[in-house]
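Working notes, beginning with the structure itself.
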Amino acid sequence: MSQPAGWLRLWRALGEDLDAALSRGAARDAWPDAPAVAWLTHAALAALVLGAGLWLLVGYHAGFGTLNAAAAQLPGRLWQGLTVLGDERVAFALSLFLARRHPRVFWALIFAALVATLYSRGLKPLLDAARPPAVLEPGSFNLIGPAHRGESFPSGHSVTAGVFFGVLALFARRRAWRAVFLLLAVGVGLSRTAVGVHWPVDVAFGLGGGWLAVIIGARLARRSPLGIQDGSVHLAFVTLAAIVSVGLWFDDGGYPAAGLWLQLLCVAALGAALLGYAVLPLARGMRQIAGGG
């Protein structure tokens with residue numbers, strides 16, 4: 001058999017392997033049912049109502065001093081570790097561990113991220129609210145990491161955490177896991193006040209908006225399942241996630257205590273993607289071709 005023909009067979013075998021994996025993965029996870037959607041909807045509305053209530057009744061800066069001072073009693077490394085979970089690059093890297101085995105979850109993440117981006121990136125420059133370092137005197141509050149000054153509303157890290165952990169909560173089969181995922185998102189949101197760069201109102205609207213983006217995104221993903229049924233589309237978004245994840249190796253986001261963990265995550269995520277989408281499928285494809293003569 002000629003070499004080009006052998007490569008063509010191997011390429012086809014890789015495509016068939018990915019299609020089979022996506023089919024198995026789609027069968028593994030059911031689309032969220034009505035109770036799960038209602039559960040997340042209530043959480044989103046509660047966050048938005050809390051944010052609106054603080055803003056209207058007490059003021060935009062409400063609760064910052066109390067929460068920031070209380071958080072200062074805990075190690076700064078803890079807050080740095082939590083706050084980087086809201087980094088978009090971290091969400092992309094973590095999604096690589098889910099993509100092949102849980103394509104519906106991965107596809108819902110993509111749609112939810114797109115909706116959340118419109119929400120967050122649309123409001124930030126439109127309102128351009130001042131952050132705590134731009135309003136408060138230096139030394140009057142606990143600041144960890146970069147002193148960001150503008151585009152405070154809503155908290156982008158809170159939106160990202162709301163999207164990532166919200167999708168996991170939406171697909172979780174047990175209520176206990178839903179609660180764990182939502183508490184992780186809340187922890188990330190609180191860390192933004194703990195490190196001194198967001199008001200609690202920003203966090204509440206970030207989480208609420210992120211969770212609503214999940215509900216909308218999951219519905220869109222279910223109606224447009226191209227990334228689950230078409231291996232090339234799926235692989236394109238996996239490649240995008242891998243490219244974005246590379247940035248974790250070079251930039252800690254201004255939180256050096258989390259730098260090593262971000263680099264380890266980068267290596268682990270890229271390694272998992274390489275193994276799952278290239279090394280193992282190539283080995284199976286070559287055995288299939290060899291076995292077929």
Side-chain angles (χ1 to χ4, degrees), residues 44-45 47-56 58-64 67-68 79-80 82-93 95 109-138 141 143-167 185-186 188-217 220 237 240-241 243-248 250-255:
L45 293 178
L48 294 174
V49 168
L50 174 61
L54 284 174
W55 196 344
L56 295 174
V58 187
Y60 180 51
H61 302 161
F64 176 83
L67 287 177
N68 182 261
W79 296 117
Q80 290 190 54
L82 271 175
T83 210
V84 296
L85 289 177
D87 190 313
E88 294 174 350
R89 299 168 302 165
V90 171
F92 273 110
S95 73
L109 274 170
I110 296 299
F111 271 95
L114 291 173
V115 175
T117 298
L118 293 175
Y119 168 71
S120 178
R121 300 293 172 84
L123 289 178
K124 276 181 172 294
L126 181 64
L127 299 179
D128 195 19
R131 300 191 190 219
V135 175
L136 305 176
E137 289 292 329
F141 66 102
L143 178 66
I144 304 173
H148 299 298
R149 304 178 69 84
E151 297 189 351
S152 188
F153 182 89
S155 163
H157 279 62
S158 299
V159 172
T160 299
V163 167
F164 183 78
F165 292 111
V167 168
V186 171
V188 175
L190 290 175
S191 76
R192 300 309 286 165
T193 296
V195 301
V197 293
H198 275 294
W199 314 103
V201 169
D202 301 331
V203 171
F205 275 92
L207 292 173
W211 289 333
L212 286 182
V214 169
I215 296 168
I216 297 170
L220 292 173
F237 282 102
L240 173 63
I243 292 172
V244 173
S245 301
V246 172
L248 294 174
F250 302 100
D251 179 19
D252 60 19
Y255 300 101

**Study point:** By salt bridge (Lys or Arg N to Asp or Glu O under 4.0 Å) - contacts of Asp251 (at least two apart)
**Key:** Arg89
Exercise for review: Could you pull out all residues at least two apart from Arg149 that satisfy salt bridge (Lys or Arg N to Asp or Glu O under 4.0 Å)?
Suggested key: none
Side chains of [X] and [Y]: closer than 4.5 Å at any heavy-atom pair?
{"X": "Phe64", "Y": "Leu136", "result": "yes"}
{"X": "Leu212", "Y": "Leu48", "result": "yes"}
{"X": "Leu114", "Y": "Leu220", "result": "no"}
{"X": "Leu207", "Y": "Val186", "result": "yes"}
{"X": "Val159", "Y": "Pro154", "result": "yes"}

Side chain to side chain donor-acceptor pair (under 3.5 Å) against [X], all qualifying residues, sequence neighbours excluded:
{"X": "Glu88", "value": "Arg121"}
{"X": "Ser158", "value": "Ser155"}
{"X": "His198", "value": "Arg131, Ser152, Asp202"}

Exercise for review: Please confirm whether the backbone N or O of Phe153 pairs with a side-chain atom of Lys124, one donor and one acceptor, at under 3.5 Å?
Suggested key: no
Practice item. Taking ring pair (Phe, Tyr, Trp, His ring centres under 6.0 Å) as the test, write out the residues that go with Phe237, two or more places apart. Key: Trp107
